[in-house]
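Below, chains carry the letters A, B, ... as their sequence lines are ordered, and counting in each starts from 1. Reckoned from all heavy atoms, side chains included, excluding hydrogens, waters and symmetry mates.
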Protein chains: 2
Amino acid sequence: MSDIPDIVIGRLPIYLRELKRLAHEENKLTTSSHELGKRLGISSAQIRKDLSHFGEFGKQGTGYHINYLIEKLQEILNLTHEWPVVLVGAGYLGHALANYAGFQPRGFSIKWVFDSDPSKIGGTVAGLNIQSVNELKSTIARENVKMAIIAVPVSVVQAITDTLVESGVKAILNYVPVHLNVPEDVQVSYSDPVTQMQRMTFYLE
Amino acid sequence: MSDIPDIVIGRLPIYLRELKRLAHEENKLTTSSHELGKRLGISSAQIRKDLSHFGEFGKQGTGYHINYLIEKLQEILNLTHEWPVVLVGAGYLGHALANYAGFQPRGFSIKWVFDSDPSKIGGTVAGLNIQSVNELKSTIARENVKMAIIAVPVSVVQAITDTLVESGVKAILNYVPVHLNVPEDVQVSYSDPVTQMQRMTFYLE
DNA sequence: TAGATTGTTAATCGATTAACAATC
DNA sequence: TAGATTGTTAATCGATTAACAATC
């Protein structure tokens, strides 16, 4: 479908994040690949190369107009509308995610929370009613939800994933330390603090 | 120092995780690069190549003895002792991390929690006393802590990082959506749900 | 022995970087 | 104009894969 390397796509949100910081917190209007790269620990050549996959957004001599580049990156990443998100799992991590203020300003909104624990169902997280996972499928289908975040026990994560996929979800952020089996057209992103820590201990004594 | 590619190091914890599952939940004694790869969505050639950087752990015809390979990977990754970890930030995410049961069985233990909010200091998280960040430096130095997890507001994350580094921390897991500036000998790993989600929306319509 | 699977090589594939003409 | 910085090319660097001899 797209012949742009996934590793390039992965850097665009980082560029976007820093550009917004430059614009909103430092009131800058323009920047250069050199300045951006220095702030992010990425070479200026790589930034220019990455951006060149999508068009010519800069001007020789002056660099990039920050707001224009933000606009373009948001278009490229399909962030021109807000994505409604389903959260599965209302444990400690689920609570943290549901209450996280960082989603909304960057294009996402957790709109539904599900759990299988009867003692949690009917309760509230971040102003959202905790629903039974039995209603997961019908909600996703009815609301045409495409994105989900999973924070459930290891033992049920593949079954939950299967339900999400059957219901039409196409992108999953998985906080459970397990590889998920999904069809080719479903994106999965992983977050496991322990694998990240174990990668770092290699370099320690 | 080490001429083994970081991308290889990053896969070892994934192998370790799956091997433990094979051993402990499926009571298997041996596996092959093919079986392991199939479960993880990684080619068998890559697994063999990765492992070959560190020695010859398998046997032709039979594959790998799981417990032996687990042992070896733990040695390679410096997981032969438990790493004590400092947590900075006692918000929702800090609570989730402090209460996460997945650290201990995989080599880590959050032993201290710090915050700057006077209304939180003196309180308790997961049985740990919440201390003032003013005590961060002395605690790290005294206890010789090498690893930290950061879950604080954007505005203070670089200052906290500087304190951690000055105090002797050599590995940081950063949950704050900001690139950190650290010396070369300090490892940093990032976790930002939004950049992960934004990478996936590229592939959605 | 026959089948299975390793560790390793060489080939392929892909990503990064250095350099610079173009041009604002 | 002179200085700065882009977008792009070609070279370099690095990672993955296919294939297979070795051998359990």
Side-chain angles (χ1 to χ4, degrees), chain A residues 1-15 18-19 22 28-73 76 179 184 199 202-203, chain B residues 1-15 18-19 22 28-73 76 179 184 199 202-203:
Chain A
M1 179 193 109
S2 169
D3 64 346
I4 292 159
D6 182 63
I7 198 160
V8 172
I9 306 303
R11 281 189 293 261
L12 301 185
I14 306 287
Y15 301 159
E18 196 64 25
L19 288 164
L22 281 163
K28 290 211 166 199
L29 293 177
T30 61
T31 189
S32 65
S33 59
H34 181 78
E35 180 180 50
L36 197 55
K38 204 169 173 208
R39 284 167 162 264
L40 296 174
I42 294 175
S43 80
S44 62
Q46 181 155 86
I47 291 175
R48 293 197 303 278
K49 189 98 211 287
D50 285 352
L51 296 176
S52 75
H53 283 101
F54 304 96
E56 307 189 358
F57 306 127
K59 279 203 177 64
Q60 287 100 326
T62 57
Y64 302 90
H65 189 290
I66 293 175
N67 282 328
Y68 178 73
L69 188 50
I70 287 173
E71 204 58 45
K72 287 295 164 188
L73 287 173
I76 293 163
H179 175 83
E184 265 202 351
R199 178 186 203 143
F202 174 81
Y203 299 98
Chain B
M1 182 194 108
S2 169
D3 65 345
I4 293 159
D6 182 62
I7 198 161
V8 172
I9 306 303
R11 282 189 294 260
L12 300 186
I14 306 286
Y15 300 160
E18 196 64 24
L19 288 164
L22 281 162
K28 289 212 168 200
L29 293 176
T30 61
T31 189
S32 64
S33 59
H34 181 80
E35 181 180 48
L36 198 55
K38 203 167 174 209
R39 285 167 160 262
L40 295 173
I42 294 175
S43 80
S44 62
Q46 181 155 84
I47 291 174
R48 294 197 302 279
K49 189 99 211 288
D50 286 352
L51 295 177
S52 75
H53 283 102
F54 305 96
E56 305 190 358
F57 305 127
K59 279 203 178 65
Q60 288 101 325
T62 59
Y64 302 90
H65 189 289
I66 293 174
N67 282 327
Y68 177 73
L69 189 50
I70 288 173
E71 203 60 44
K72 287 295 164 188
L73 287 173
I76 292 162
H179 175 82
E184 264 202 352
R199 178 185 203 142
F202 174 81
Y203 299 99

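The 12-atom threshold is not exceeded at NE2 of B:H34, counting heavy atoms of other residues, nucleotides or ligands nearer than 6.0 Å.
The side chain of B:A45 has D:dT17 as its nearest neighbour among C:dC24, D:dC24, D:dT17. In the set D:dT17, D:dG7, D:dA19, D:dA19 carries the atom at the smallest distance from any side-chain atom of B:R48. With D:dG7, D:dA15, C:dT16 as the candidates, the nucleotide lying closest to the side chain of A:Y64 is D:dG7. Comparing C:dA15, C:dG7, D:dT16 against the side chain of B:E56 picks out C:dG7 as the nearest. With D:dT8, C:dA15, D:dT5 as the candidates, the nucleotide lying closest to the side chain of A:S32 is D:dT5. Listed nucleotides: C:dT16, D:dT16, D:dC24. Nearest to the side chain of A:R11: C:dT16. Listed nucleotides: D:dC24, D:dT8, D:dT16. Nearest to the side chain of A:S52: D:dT8.
When both pairing distances are held under 3.5 Å, C:dT12 makes a Watson-Crick or G-U pair with D:dA15. Pair assignment for D:dT23 gives C:dA4, based on Watson-Crick or G-U wobble hydrogen-bonding distances that are each under 3.5 Å.
Map A:D6 and A:Q60 each onto its nearest nucleotide of DNA chain C; the residue landing nearer the 5' end is A:D6.
Within 4.0 Å of A:S33, counting heavy atoms only, lie sugar-phosphate atoms of the nucleic acid but no base atom.
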